[in-house]
Asks: 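Structure provided below as structure tokens; questions to follow.
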Amino acid sequence: MIKAAKEPFMSEVRLRFAPSPTGYLHVGGARTALFNWLLARKQHGTFVLRIEDTDVTRSTQESVDAIFEGMKWLGLDWDEGPFFQSDYFPVYKEYIDRLVAEGKAYKCYCTVEELEAKREKALKEGGKPKYDGTCRDLPPQEDDGRPYVIRFRTPKEGVTSWNDLIKGKVSFENAELDDLIIQRTDGTPTYNFVVVVDDVTMRMTTVIRGDDHVNNTPRQILIYEALGAPVPVFAHVPMILGADKARLSKRHGATSVMAYRDMGFLPEAMVNYLVRLGWSYGDEEIFSLTDLIEKFSIENVGRSAGVFNPDKLLWLNAHYIKTGDPVRLADLLIPFLKERGVDPAQGGPDLVAVVKTLQERAKTMLELADGALFYYRDELSYDEQGVAKAFNADTPGLLNALVEKLAALPALDAGQIEQAFKELMAEKGIKLGQVGPAVRLSLSGTTASPGIYEMIEVLGLAETKKRIERAIAVLCR
RNA sequence: GGUCCCAUCGUCUAGUGGUUAGGACACCGGCCUUUCACGUCGGUAACAGGGGUUCAAGUCCCCUUGGGAUCACCA
């Protein structure tokens with residue numbers, strides 16, 4: 001008998017991306033999300049999105065929306081969620097009460113001031129700034145109205161270790177850990193506890209997260225054990241650094257994923273770049289999301305931190321613009337064009353045709369937009385140096401002759417246009433260099449543009465004629 | 001400072017005891033060419049240092065050095 005494919009197996013992998021909504025989706029978070037998503041997709045598992053908003057004061061709706069927007073842009077969809085931790089406070093409370101009842105957690109009445117003083121004193125005496133356990137062995141007592149936090153009772157001996165999918169075996173002496181607070185004075189639970197409860201209740205099998213959580217992991221494992229829950233497999237992804245090898249931050253440039261969209265990057269370039277930062281597959285450089293689902297493996301993620309290299313991102317972006325579908329690119333280009341005061345829907349050459357002439361000349365959508373502007377502008381400003389070189393007394397005659405030839409063509413395609421140029425050159429006994437640059441300037445206003453034949457074809461006869469005549473009028477006085 | 005992690009070209013990396021240490025970005029040069037680009041061919045450039053283990057070490061072990069992370073009633 002064959003089992004239905006949909007039937008859930010205990011072996012099904014479940015992963016999650018769990019950002020805290022306190023800012024935009026940054027490239028590091030995006031990469032973590034991507035790795036989780038890829039592994040889930042590759043193993044036909046489940047990918048969950050969970051918003052870690054237990055810090056109610058720092059969490060914002062704008063940040064939540066920014067995360068959704070970033071995920072959507074990158075093409076990372078989720079199977080369950082989004083779940084918001086703030087919706088589950090009663091659940092956490094229940095688990096905490098259970099630990100207290102079992103003696104695995106206890107109330108601590110030390111005040112913030114007392115703790116601060118102890119920390120400073122310990123530091124001053126060269127000791128470790130750990131909680132000293134003042135309330136750890138207090139006899140159980142009735143509440144007398146004094147505020148308290150709840151601390152997790154960490155074993156004083158033994159070793160906690162795990163086999164990290166990326167880093168290998170990592171071990172901590174329990175004696176190095178102190179009794180962390182799992183519930184604040186105001187009754188809300190803290191991060192290290194909540195993640196564990198959520199990962200337990202959401203049945204996570206694998207946790208891929210940033211390197212900066214390595215030090216939290218032993219505490220969390222201890223909590224899993226106290227809860228009697230299975231411990232998931234961990235994979236700690238190395239950090240992303242700036243050019244100076246310091247943790248990537250705004251001063252290195254944009255860190256928000258959406259900022260890259262606004263700077264004219266394609267999501268596939270971003271995904272490709274991010275996945276290759278720390279992961280590799282032989283000598284291959286170009287990967288689509290579909291390739292990655294097949295080829296990605298967390299074991300091949302490197303252990304060391306990587307420097308974010310904007311140049312390589314740019315190269316990838318140029319690659320995807322060059323090889324991208326012109327129809328899609330044209331569509332994506334419209335907002336950039338509108339920002340520049342051009343609306344292709346209001347007339348002018350076909351945008352898809354325009355894009356085709358520019359694809360291999362643009363590294364970003366911004367460059368593509370800038371390069372496309374001249375096609376839609378009525379008034380061109382002409383590059384002075386170019387004009388000085390390309391225009392002389394013979395130019396008007398040559399240009400007019402060219403227009404006549406173009407007008408006589410049965411069809412205005414690149415092949416025929418080239419033919420017309422050849423005839424003109426033969427008849428006048430000139431080389432292309434004596435007329436080409438002037439045509440280019442007349443049509444585009446610049447010396448760097450798509451091919452002359454391409455431009456004529458895209459602009460069409462009427463517009464080509466108009467532009468050449470205007471150039472003669474303006475430049476040959 | 002304690003703890004934990006990391007270490008191959010400038011950068012991303014391949015390498016799993018025996019390689020002329022490979023690829024990619026960037027950079028430099030040739031070619032192509034109607035401009036700018038694209039493309040293409042070629043070049044410069046790395047095993048942090050020191051000890052072991054071994055016939056043999058970029059690969060294994062130790063130390064040093066250098067980076068990074070973390071030590072909250074943040075996540």
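Lettering of chains follows the sequences in order, A, B, ..., and the numbering in each one begins at 1. All heavy atoms count here, side chains included; hydrogens, waters and symmetry mates do not.
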Asks: Taking any heavy-atom pair under 4.0 Å as a contact, classify A:Lys363: base, sugar-phosphate, or nothing.
Replies: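 Contact class for A:Lys363: sugar-phosphate only.
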Asks: What closest approach, in Å, do A:Leu74 and A:Ala30 show between heavy atoms, and which atom pair accounts for it?
Replies: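 Answer, listing the atom of A:Leu74 first, then A:Ala30: CD1-CB, 3.7 Å.
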Asks: Tell me the interatomic distance from A:Lys169, atom NZ, to B:C5, atom P, rounded to whole angstroms.
Replies: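 My rounded result for the distance is 11 Å.
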Asks: Tell me if the centroids of the rings in A:Trp162 and A:Tyr224 come within less than 6.0 Å of each other.
Replies: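 Distance test on ring centres: not under 6.0 Å, no.
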Asks: Within the 4.0 Å heavy-atom criterion, would you say A:Gly433 contacts the bases, only the backbone, or no part of the nucleic acid?
Replies: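 Nothing: the residue A:Gly433, judged by heavy atoms under 4.0 Å, touches no strand.
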Asks: Using a 5.5 Å cut-off between ring centres and planes within 30 degrees, is A:His213 stacked on the base of B:A69?
Replies: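 No, aromatic ring not over the base.
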Asks: B:A21 pairs with which nucleotide, Watson-Crick or G-U wobble, both distances below 3.5 Å?
Replies: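 In the structure as shown, B:A21 has no Watson-Crick or wobble partner.
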Asks: I need the CG-P distance between A:Leu180 and B:C71, as an integer number of Å.
Replies: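 About 11 Å, once rounded to whole Å.
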Asks: With side chain to side chain contact (heavy atoms under 4.5 Å, CB included) as the test, would you mind laying out the steps for A:Leu99 and A:Leu227 before giving the verdict?
Replies: CA-CA 8 Å; A:Leu99 288 184; A:Leu227 256 23; 3.6 Å; yes
Asks: Within the structure shown, what part of the strands sits under 4.0 Å from A:Leu277 by heavy-atom distance: base, sugar-phosphate, or nothing?
Replies: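 Sugar-phosphate contact only - A:Leu277 comes under 4.0 Å of backbone atoms but never of a base.
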Asks: From the set B:C12, B:C4, B:A75, return the single nucleotide nearest to any side-chain atom of A:Lys312.
Replies: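 My answer, after comparing the listed nucleotides, is B:C12.
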Asks: Tell me, please, whether A:Tyr131 has A:Arg151 positioned over its six-membered ring: NZ or CZ under 6.0 Å from the ring centre and within 45 degrees of its axis?
Replies: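 That pair qualifies as a cation-pi contact.
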Asks: At 4.0 Å (heavy atoms only), tell me whether A:Ser304 reaches a base, stays on the sugar-phosphate, or touches nothing.
Replies: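 Contact class for A:Ser304: sugar-phosphate only.
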Asks: By nearest nucleotide on RNA chain B, pick out whichever of A:Ala246 and A:Pro19 is the more 5' one.
Replies: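 The answer here is A:Ala246.
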Asks: Looking at every strand, decide which applies to A:Arg303 at a 4.0 Å heavy-atom threshold: base, sugar-phosphate, or nothing.
Replies: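 Sugar-phosphate contact only - A:Arg303 comes under 4.0 Å of backbone atoms but never of a base.
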Asks: When you measure only distances, ignoring hydrogens and angles, does the side chain of A:Thr447 come within 3.5 Å of the base of B:C36 through a donor and an acceptor?
Replies: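 No.
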Asks: Within the structure shown, what part of the strands sits under 4.0 Å from A:Lys130 by heavy-atom distance: base, sugar-phosphate, or nothing?
Replies: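 The residue A:Lys130 makes no contact with any strand.
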Asks: Going by purine N1 to pyrimidine N3 plus the second Watson-Crick contact, or the G-U wobble pair, all under 3.5 Å, which nucleotide sits opposite B:A48?
Replies: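 With both distances under 3.5 Å, B:A48 matches B:U64.
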Asks: How are the rings of A:Phe296 and A:Trp279 set to each other: parallel, tilted or perpendicular (split at 30° and 60°)?
Replies: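 If you compare the ring of A:Phe296 with that of A:Trp279, the planes turn out tilted.
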Asks: Applying a 4.0 Å non-hydrogen cut-off, can you work out what A:Gly278 is touching in the nucleic acid: base, sugar-phosphate, or nothing?
Replies: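 It contacts sugar-phosphate atoms only.
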Asks: Can you tell me the pairing partner of B:G58 across any strand shown, Watson-Crick or G-U wobble, with both distances under 3.5 angstrom?
Replies: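 Partner of B:G58: none.
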Asks: For B:C60, decide between syn and anti, treating a glycosidic angle within 90° of 0 as syn.
Replies: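 Base orientation: anti.
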Asks: What is the distance from CD of A:Glu284 to C1' of B:G15, rounded to the nearest Å?
Replies: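 Value for this atom pair: 17 Å.
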Asks: So which one's nearest nucleotide on RNA chain B is more toward 5', A:Glu454 or A:Glu285?
Replies: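 Nearest-nucleotide comparison on RNA chain B picks A:Glu285.
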Asks: Determine the contact category for A:Thr54: base if any of its heavy atoms lies under 4.0 Å from a base atom, sugar-phosphate if only primed atoms, P, OP1 or OP2 are that close, otherwise nothing.
Replies: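 A:Thr54: backbone/sugar contact only, no base atoms under 4.0 Å.
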Asks: Taking the C1' atom in each of B:G42 and B:C60, what is the distance between them to the nearest angstrom?
Replies: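 The same atom, C1', in both gives a distance of 38 Å.
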Asks: Taking the same atom, P, in B:G68 and in B:C73, what whole-Å distance lies between them?
Replies: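 Those two atoms are separated by 26 Å.
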Asks: Quick one: label A:Tyr273 by what it contacts on the DNA or RNA (base, sugar-phosphate, nothing), any heavy atom closer than 4.0 Å.
Replies: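 Touches nothing.
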Asks: Please pick, from B:C73, B:C36, B:U70, the nucleotide with the shortest atom-to-atom distance to any side-chain atom of A:Asp212.
Replies: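 From the listed options, B:U70 comes nearest.
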Asks: I want to check one thing: is the phosphate of B:U35, taken as OP1 and OP2, less than 4.0 Å away from some side-chain N or O of A:Lys389?
Replies: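 So the side chain of A:Lys389 is outside the cut-off, no N or O lying under 4.0 Å from OP1 or OP2 of B:U35.
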Asks: Closest to the A:Asn215 side chain: B:U70, B:G23, B:A72?
Replies: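 Taking heavy atoms from C-beta onward, the closest nucleotide is B:U70.
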Asks: Checking all strands, does A:Val112 fall into the base, sugar-phosphate, or nothing category for heavy-atom contacts under 4.0 angstrom?
Replies: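 Here A:Val112 touches the bases of the nucleic acid.
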Asks: Before accepting this row, confirm whether a basic side-chain N of the pair A:Asp212/A:Arg247 lies closer than 4.0 Å to the acidic partner's carboxylate O.
Replies: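 Salt bridge: yes.
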Asks: If you measure from the C1' atom in B:U44 to the same atom in B:G66, how many Å do you get, rounded?
Replies: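 26 Å, rounded to whole Å.
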Asks: If we take the P atom in both B:A48 and B:A57, what is their distance in whole Å?
Replies: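 Here B:A48 and B:A57 have their P atoms 16 Å from each other.
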Asks: What integer number of Å spans the P atoms of B:U16 and B:G58?
Replies: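 My reading of the P atoms in B:U16 and B:G58 gives 14 Å.
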Asks: From the list B:U3, B:U35, B:G10, which nucleotide is the closest neighbour of the side chain of A:Asn309?
Replies: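 Among the listed nucleotides, the one closest to the side chain of A:Asn309 is B:G10.
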Asks: Of the nucleotides B:A75, B:C5, B:U34, which has the atom closest to the A:Val170 side chain?
Replies: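 That would be B:C5.
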Asks: Taking any heavy-atom pair under 4.0 Å as a contact, classify A:Asn216: base, sugar-phosphate, or nothing.
Replies: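 Counting heavy atoms under 4.0 Å across all strands, the contact made by A:Asn216 includes a base.
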Asks: I need the CD1-P distance between A:Ile286 and B:U13, as an integer number of Å.
Replies: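 It is 16 Å, rounded to the nearest whole Å.
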Asks: Can you tell me, in whole Å, how much space there is between the C1' of B:A14 and that of B:A21?
Replies: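 It comes out at 10 Å once rounded to the nearest Å.
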Asks: What's the gap between B:C5 and B:C63 when it is taken at their P atoms, as a whole Å value?
Replies: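 Approximately 12 Å lies between the P atom of B:C5 and that of B:C63.
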Asks: Which nucleotide in the set B:U34, B:C73, B:U3 lies at the smallest distance from any side-chain heavy atom of A:Phe172?
Replies: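 For A:Phe172, the side-chain atoms sit closest to B:U3.
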Asks: Please work out whether the ring planes of A:Tyr260 and A:Phe308 are parallel, tilted or perpendicular, with thresholds of 30° and 60°.
Replies: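 Aromatic pair A:Tyr260/A:Phe308 classed tilted.
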Asks: What's A:Ser171 touching, base or sugar-phosphate or nothing? Going by heavy atoms closer than 4.0 Å.
Replies: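 Sugar-phosphate contact only - A:Ser171 comes under 4.0 Å of backbone atoms but never of a base.
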Asks: As a test of reading the structure: which of B:U11, B:A75, B:U35 is closest to the side chain of A:Asn192, going by heavy atoms?
Replies: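 Per side-chain heavy atoms of A:Asn192, the pick is B:A75.
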Asks: Describe the nucleic acid contact of A:His236 in one word from base, sugar-phosphate, nothing, applying a heavy-atom distance below 4.0 Å.
Replies: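 The answer is nothing, as A:His236 stays clear of every strand by at least 4.0 Å.
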Asks: Let's test this: given Watson-Crick or G-U wobble pairing with both distances under 3.5 Å, identify the partner of B:U70.
Replies: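 Checking every strand shown, B:U70 finds its partner in B:G2, with both distances under 3.5 Å.
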Asks: Please lay out, stage by stage, how A:Val439 and A:Ser442 fare under the test side chain to side chain contact (heavy atoms under 4.5 Å, CB included).
Replies: CA-CA 5 Å; A:Val439 177; A:Ser442 302; 5.6 Å; no
Asks: With side chain to side chain contact (heavy atoms under 4.5 Å, CB included) as the test, would you mind laying out the steps for A:Arg98 and A:Tyr95 before giving the verdict?
Replies: CA-CA 5 Å; A:Arg98 197 175 107 196; A:Tyr95 277 89; 3.8 Å; yes
Asks: Show the nearest heavy-atom pair for residues A:His252 and A:Ala246, with the distance to one decimal.
Replies: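 Minimum heavy-atom contact is CE1-O, 3.7 Å.
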Asks: Mind calculating the distance between OH (A:Tyr106) and C1' (B:C73) to the nearest angstrom?
Replies: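 Spelled out: OH on A:Tyr106 to C1' on B:C73 is 14 Å.
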Asks: Please determine, for B:G42, whether a Watson-Crick or G-U wobble partner exists with both distances under 3.5 Å, and give it or none.
Replies: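 Partner of B:G42: B:C28.
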Asks: Rounding to the closest angstrom, what is the interatomic distance between B:A45 and B:C28 at atom C1'?
Replies: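 Approximately 12 Å lies between the C1' atom of B:A45 and that of B:C28.
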Asks: Side chain of A:Trp315 only, please: which of B:A26, B:G23, B:C73 is the nearest?
Replies: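 For the A:Trp315 side chain, the nearest candidate turns out to be B:A26.
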Asks: Under 4.0 Å between a side-chain N/O of A:Arg247 and OP1 or OP2 of B:U70, yes or no?
Replies: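 Yes, such a contact exists.
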Asks: Check whether any side-chain N or O of A:Ser280 sits under 4.0 Å from OP1 or OP2 of B:A14, and answer yes or no.
Replies: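 Indeed, a polar side-chain atom of A:Ser280 lies that close.
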Asks: To the nearest Å, give me how far apart CD1 (A:Ile417) and P (B:U34) are.
Replies: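 So the CD1-P distance, A:Ile417 to B:U34, works out to 16 Å.
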Asks: Does A:Cys108 reach a base, just sugar-phosphate, or nothing at all? Heavy atoms under 4.0 Å.
Replies: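 No contact.
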Asks: With the side chain of A:Lys322 defined as its heavy atoms from C-beta on, choose the nearest nucleotide among B:G39, B:U3, B:C73.
Replies: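 My answer, after comparing the listed nucleotides, is B:G39.
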